Structure formats: C-alpha cells, structure tokens
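Only one structure is covered here, and it is reproduced in the block below.
Computed from a prediction, not measured in an experiment: that's the story for all the values here.
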Amino acid sequence: MTLPSSPAAGTTTGSAARSATASANSNIALIKYWGKADPANQVPTTSSLSLTLGGTRTSTTVAFDGGADGDDVVLINGFKPWGTARDRVVRFMDLVRERAGVTERATVSSVSTVPLAAGLASSAAGFAALAAAASRAAGLELDDADLSRLARRGSGSATRSVFGGLAVWHAGTDDATSYAEAVPGAEELDLAMVVITLETGRKSISSSRAMQATMTTSPLYPAWVEASAKDLEEALAAVAARDLPRLGAVAEGNALGMHAAMAAARPAILYWLPGTVEAIHAVAALREEGLPAWVTMDAGPNVKVVTSGARAEEVAAALRERLAGAIVSVRRPGGGIRYEQEAE
C-alpha cells in the first residue's frame, strides 16, 4: 500500500478527514509470534513471518462525530462489545487522538467475515483496518512502516496485516524498531493455505494471557525462542530459493514447537481438541501420499495447512473425506490495507 504524496509520516494535515473506511485481511504466521518482551508497546520476543489470506477482510469505518454521551461508540458486526473487547478499541483510539492532536470522540463500526477469538487472526485484520481508518480520519499521513507500528499497538499480529502476501515482522527492541515489511515470493512459491475450522467459538484463554503464562512458567519457552530465530532464517532462505517443501517443513516445526511450549506451561495451556489431533495426523498422511501439505496452528484448535495453489483444492478435498464435520476452505494470498471511502 502506498499513499499519495503527503507530509512527513506521523504529521497531521491541515484539514483532517472527518470519516474514513479501510479494510484489511487476516494473516497466518508461518514463523510464529508468541510472547511480548514489552507488553505495553506490543514488542515481541521473536521476529515472525506471515502469509496474508484473501477473503478474510475486516472493514472498519471511523467517524470523529463526537460519539455519544461524551464517549466513543464501538460497534462490531452490529453489536456493542463490552469489557476487554471495547476497552482495547477505546485505548487504541486514545493513542490515535494523542498522536493527531484530536480530542473529539468517535464512532467506530467494524464488520468482519472472520470468526472472533477462534484462532483465525480476527484481531490482526481488525486492528490493521482500525489503524488505517482511524489515522486517516484523524488527518495522520502514515507510510507503510509507521502504519505497521501503529497497528502493532492494537494487536501484535496486526502489524503484518498492513501488507499483502508474505510479511516479516522485525521484533526490534522498542516502538521505532518493531515493525513489519513485505517479503516478495508468495506468487513465485504459488503459496496457498487450507483452513480446517473445527471450532468458531471464543478461545478458552486469550492469546495475551496464554503468552504471558507460557513465558513465565514453561521450561520449554526459552528453547523455542532460540529455535525460532533459526527457523526464521531458514524460512526466509526457503522463500528466496522458492522451495515450498523447505518452507512448509520449518513452518510446521515452528508451530508444533510453540504448542509444545504452551503444553509445558504450569498449568498447561491446551487449545487442541480431539479433532485437532485427527487433522494433524490427516495432513501427515496426505504428505506421505505425495501431496504438499504442512500443518501450522495459532492460539486455538483450528488447523491451517500450508500448500501450493496448484494442489490446494486437491488437498482440501482429501481432508474433507477424512475429517467429517470439519469446515475445510481454501485461501489464496490476499492484499494489504485498502481504503474504501473518505468523507469530509
């Protein structure tokens, strides 16, 4: 995404747009983000690599219209969230207001095609879209890196949804050095992802809580962090070499290692369902039969399968035969931030 010529990143224009609408797709990490070195600024312990998925857009409209009763109005899929879900949006809007020098309250309306809090990266798309719409409506002109930094403050993985295709999130050490950028190669690799949806309800434990518990109580976590740095080097080398089997293998190992570290937390963090284990075995069986298929998983029971675009439908069909009751869909690489509307 490239904006038209504008003032320096992070500055406000003379006439701020009163309203803006933007959308973003979800992304699934191939090399995972799990753990925060600086929770306040959402700076991670490890760098990560992701694939943005088409057909997973969240569209968000922000209007600085005064809100209602002196507060922001927040709507998600037509409903008013409460508790933590609402607080996260309001805190993010306060951050945008502070940066833009805006005091007016706003109406934030978000519509998502992705099940919320089910391990399908709904927050990544949601906060990337919110960052784009809110900053544009507030009159901020941000380049890709600055928008990525801003999105990160809402949800860590949102930093990668600013970009289409493959994106690497540099962990960095502070706000300035922790941001994502695009990585070429998704098209040449003919990447695709098969999503096996086993559960669309809310997770038993939020990602933030699970990350903190894993970091502080799992004896396997330090080893995973060390291995993840090597995994990222291997994954980027595989992308550069256009070597899908190499990329798939390292992605699968990285994801299962992350879940092993979670399982070793005290008490154990187990997102898996019986169907999760069945799906993992099914993917391994397909690979034995010659199909390109490698597992990756985030915080939740659902399984994603890294594969090639040319064989994605074949992989999906085989999984539907083996996994009764699961919803199996094919996702191709998707685009990054898109601005859909602006109004004075």
What's in the same ILVMFWY side-chain cluster as Leu75, cut-off under 4.5 Å, chained through other members?
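Taking Ile, Leu, Val, Met, Phe, Trp and Tyr as members, Leu75 shares its hydrophobic cluster with Val73.
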Under a plain distance cut-off of 3.5 Å, with no hydrogens placed, do [Y] and [X] share a side-chain donor-acceptor pair?
X	Y	value
Thr52	Asn25	no
Ser155	Gln42	no
Asn254	Ser228	yes
Thr159	Arg149	no
Thr61	Ser109	no
Thr217	Arg266	no
Ser59	Ser23	no
Asn302	Thr197	no

Verify side-chain contact (heavy atoms from CB on, under 4.5 Å) between Val168 and Glu181, making sure each step is shown before the conclusion.
CA-CA 6 Å; Val168 61; Glu181 63 181 341; 3.9 Å; yes
Check ion pair [X]-[Y] (N to O, under 4.0 angstrom):
X	Y	value
Arg322	Glu289	yes
Lys32	Asp298	yes
Arg287	Glu252	yes
Asp94	Arg97	yes
Arg311	Glu313	no
Arg86	Asp71	yes
Asp69	Arg105	no

Within 45 degrees of the ring normal and closer than 6.0 Å to the centroid, is that where the cationic atom of Arg136 sits relative to Tyr339?
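Satisfied, under 6.0 Å and within 45°.
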Give a yes or no on whether the ring-centroid distance for Tyr33 and Trp169 is below 6.0 angstrom.
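Close enough - the centres of the two rings lie under 6.0 Å apart.
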Please tell me if the side chains of Val62 and Met93 come closer than 4.5 Å, counting only heavy atoms from C-beta onward.
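Of all side-chain heavy-atom pairs linking Met93 with Val62, at least one is under 4.5 Å.
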Check whether more than 12 heavy atoms from other residues, nucleotides or ligands sit under 6.0 Å from atom [atom1] of [X], and answer yes or no.
X	atom1	value
Asp174	CG	yes
Glu187	CD	no
Arg242	CZ	yes
Glu226	CD	no
Glu98	CD	no

Take the angle between the ring planes of His259 and Tyr271 and call it parallel below 30°, perpendicular above 60°, tilted in between.
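Ring orientation of His259 relative to Tyr271: perpendicular.
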Going by side chain to side chain contact (heavy atoms under 4.5 Å, CB included), Leu51 matches just one of Leu189, Ile28, Leu191. Which one?
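Answer to the side chain to side chain contact (heavy atoms under 4.5 Å, CB included) test with Leu51 among Leu189, Ile28, Leu191: Leu191.
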Please walk me through it: do Thr58 and Val111 pass side-chain contact (heavy atoms from CB on, under 4.5 Å)?
CA-CA 6 Å; Thr58 292; Val111 178; over 6 Å; no
